[in-house]
2 protein chains.
Amino acid sequence: MNLYQLRYFTTLAETNHFGKAAEKLCIAQPSLSHAIAQLEAELGVVLFERKNRSSSLTKEGRQFLSYVEKALEILDSGIQTMERISHGEGVIELGFLRTLGISFIPELAADFLREQKDKSIRFEFHSDTSQPLLQGLKEEKYDMVFCTKIDSEKSIEFIPVSKQDLVLIVPRAHPLANRYTVDLTETLPYPHVYFAENSGLRVVIDQLFDKIGKRPQIAYEIQEDQVIAGLVAQGFGIAVVPYMEELLRLNVKIIQISYPYWERNFYMATLKGHYLPPAVQKFKQFVIEKHSL
Amino acid sequence: MNLYQLRYFTTLAETNHFGKAAEKLCIAQPSLSHAIAQLEAELGVVLFERKNRSSSLTKEGRQFLSYVEKALEILDSGIQTMERISHGEGVIELGFLRTLGISFIPELAADFLREQKDKSIRFEFHSDTSQPLLQGLKEEKYDMVFCTKIDSEKSIEFIPVSKQDLVLIVPRAHPLANRYTVDLTETLPYPHVYFAENSGLRVVIDQLFDKIGKRPQIAYEIQEDQVIAGLVAQGFGIAVVPYMEELLRLNVKIIQISYPYWERNFYMATLKGHYLPPAVQKFKQFVIEKHSL
DNA sequence: TATTTTGATAGATTTTGTCTATGTCGTATG
DNA sequence: CATACGACATAGACAAAATCTATCAAAATA
């Protein structure tokens with residue numbers, strides 16, 4: 001049994017006429033006769049009543065038709081879906097760090113969509129910390145994630161796309177406010193608004209202070225970097241935070257940290273050697289060409 | 001696209017290994033590779049991730065698989081149904097006159113089923129009058145009907161299978177009770193229990209009385225011949241009814257009608273030159289061989 | 001009875017599914 | 001580090017089958 005026979009069958013069932021159906025199918029009439037005869041032989045059932053003026057489905061033919069129509073309908077919608085995907089349509093499951101969700105990812109996605117006029121690509125956005133993101137990537141929950149690098153992951157391809165410095169922010173009226181750079185040791189006399197335990201950056205900043213062998217006084221512990229910045233602006237303390245555009249709009253002074261040096265790199269991560277759906281492949285190419293460092 | 005490719009696809013999706021799947025499918029491994037490659041080319045989508053140790057479905061592959069599995073399941077159940085029908089299984093839609101439903105049809109069906117040990121043939125029974133039965137036959141509502149003949153129906157094949165006499169029944173204590181035959185004229189002095197207007201036999205018996213130029217006195221009008229017989233047994237009148245076995249068990253005397261002569265023939269009717277499902281064909285053959293007159 | 005219509009049949013041709021043999025790539029192994 | 005092996009792809013030959021054109025047979029129409 002073959003698909004084309006089933007397609008011929010449904011067409012013939014519509015027209016009830018071998019000649020007309022063959023014409024509709026763009027084949028010769030004997031081909032259709034042959035195909036239907038073969039189908040009937042295989043099923044052991046007569047599907048059409050060949051009458052003098054026209055043909056018509058038998059009882060079994062009608063019964064079989066209902067199965068075939070349903071099956072073909074499902075199959076065709078599957079084929080259609082695949083063809084849409086192959087033409088670049090599709091959903092890109094994007095994972096990223098919360099920090100990147102503020103401006104980098106939205107701008108990147110918007111840029112990409114602007115360039116892809118006719119294609120209908122949708123993004124699904126998922127923010128999390130690096131560990132779960134990479135786990136999700138390996139489980140194919142995400143097509144692509146933007147996060148920090150973990151060197152032990154041999155099966156993942158990392159392409160650098162963005163970096164972020166850590167800066168000190170202080171209220172405008174603070175003693176350190178007119179400095180351009182500071183050594184982290186100089187911040188120790190002042191109470192800090194600090195990242196909370198469960199925040200991704202807590203570990204990083206702890207390590208930074210470990211390099212100078214001291215920990216700061218902690219006035220408040222907060223998860224969100226934006227909240228930290230807000231508290232600093234209101235004079236609740238000083239803080240080490242990743243640089244973000246938003247800081248410029250707040251009532252804080254931004255000061256470079258001269259020592260210890262630290263730079264945080266962000267990477268686009270995909271499974272190494274793994275097939276990427278066309279839409280994802282396009283997006284990856286776009287990021288490499290326009291936004292990689 | 002071909003059916004076999006879809007079947008290969010589902011098998012490969014189960015094993016995730018070209019070699020193993022090919023073995024399961026009883027084909028060579030390159031054939032499978034070729035078939036899948038062709039499917040992928042046609043859909044424009046990569047369905048399998050070929051990895052070093054084993055293969056696995058891509059995201060699109062999983063999506064397509066769900067469609068294909070559903071479609072094949074429906075198609076296969078359709079094929080199975082057809083194959084069962086071709087092996088003689090099936091439902092026979094049987095239409096017949098109510099009269100025949102008392103003993104003739106049940107006995108015929110039981111005889112047939114007794115002879116068809118392993119086959120699972122079921123009957124659907126529908127009783128009606130001749131006109132609607134033949135109409136239903138032409139509309140393929142019934143596969144076969146048992147009724148009286150209508151000569152104008154050129155598209156229907158009638159095969160005689162049973163006949164039935166009209167007899168006079170009277171209560172045991174009736175003046176006519178010890179007669180063996182009567183002329184219908186002799187029944188006119190006595191009140192009749194008569195078939196109602198909408199009964200199939202009313203016309204027939206009216207015509208019978210028209211032959212002697214008179215109509216009887218009507219005491220009661222009833223549709224069902226068995227109810228008529230019951231009323232006669234209880235002394236409500238006399239009646240002309242078709243002969244049935246049941247009459248022997250009632251408290252009535254059965255008397256032949258010597259004049260006018262009348263005989264009612266019953267026929268098995270099928271659409272002329274029309275394809276019959278195997279189960280129906282078998283039953284028709286059985287009736288012709290064992291029960292036709 | 002001749003003609004038209006409809007579908008089946010026959011034989012040639014082309015397509016395509018399947019096979020065997022071999023190649024390539026990447027991983028394990030000595 | 002080279003070799004062997006496992007897993008899939010590729011190439012070319014062969015066989016099966018789907019399509020075509022031409023023709024036939026049966027039934028209905030004129």
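Given the structure is predicted, the values throughout are model-derived calculations rather than measurements. Below, read A as the first sequence line, B as the second, and so on, with proteins coming before strands; counting in each chain starts at 1.
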message = Ring-plane angle category for B/F104 and B/F146, please: parallel below 30°, perpendicular beyond 60°, tilted otherwise.
response = perpendicular
Span of DNA chain C, from the first to the last nucleotide whose atoms fall under 4.0 Å of chain B heavy atoms = C/dG17 to C/dT27
task = On the 0 to 90° scale, with breaks at 30° and 60°, tag the A/F125-A/F96 ring pair as parallel, tilted or perpendicular.
result = perpendicular
request  = Figure out the CD1/P separation between A/I36 and D/dA18, and round it to whole Å.
outcome  = 13 Å
request  = Check whether any side-chain nitrogen or oxygen of B/R50 sits under 4.0 Å from OP1 or OP2 of D/dA7, and answer yes or no.
outcome  = no
request  = Just call it for A/F48: base, sugar-phosphate, or nothing, with non-hydrogen atoms closer than 4.0 Å on any strand.
outcome  = nothing
request  = Would you classify B/Q38 as touching base, sugar-phosphate or nothing, given that sugar-phosphate means primed atoms plus P, OP1 and OP2, and contacts are heavy atoms under 4.0 Å?
outcome  = sugar-phosphate
task = Only counting residues at least two apart or in another chain, list the ones meeting salt bridge (Lys or Arg N to Asp or Glu O under 4.0 Å) with B/K24.
result = B/E14
task = Evaluate the ring planes of B/Y267 and B/F158, with Trp represented by its six-membered ring, and classify them as parallel (under 30°), tilted (30 to 60°) or perpendicular (over 60°).
result = perpendicular
key: A/L3 CG to D/dA18 P, straight-line distance once rounded to whole Å   = 12 Å
task = Look at atom CD of A/E83 and say whether more than 12 heavy atoms of other residues, nucleotides or ligands are closer to it than 6.0 Å.
result = yes
Nearest-Å distance for atom pair OH/P, residues B/Y4 and D/dA16 = 16 Å
ask   = Is A/K290 salt-bridged to A/E115, going by a charged N under 4.0 Å from an acidic O?
value = yes
query = Is the distance between the ring centroids of B/Y275 and A/F48 less than 6.0 Å?
reply = no
ask   = So which of residues 20-34 of chain A are in contact with DNA chain D, with a heavy-atom cut-off of under 4.0 Å?
value = A/C26, A/I27, A/A28, A/P30, A/S31, A/H34
ask   = Mind checking whether A/F286 and A/H291 have parallel, tilted or perpendicular rings, split at 30° and 60°?
value = tilted
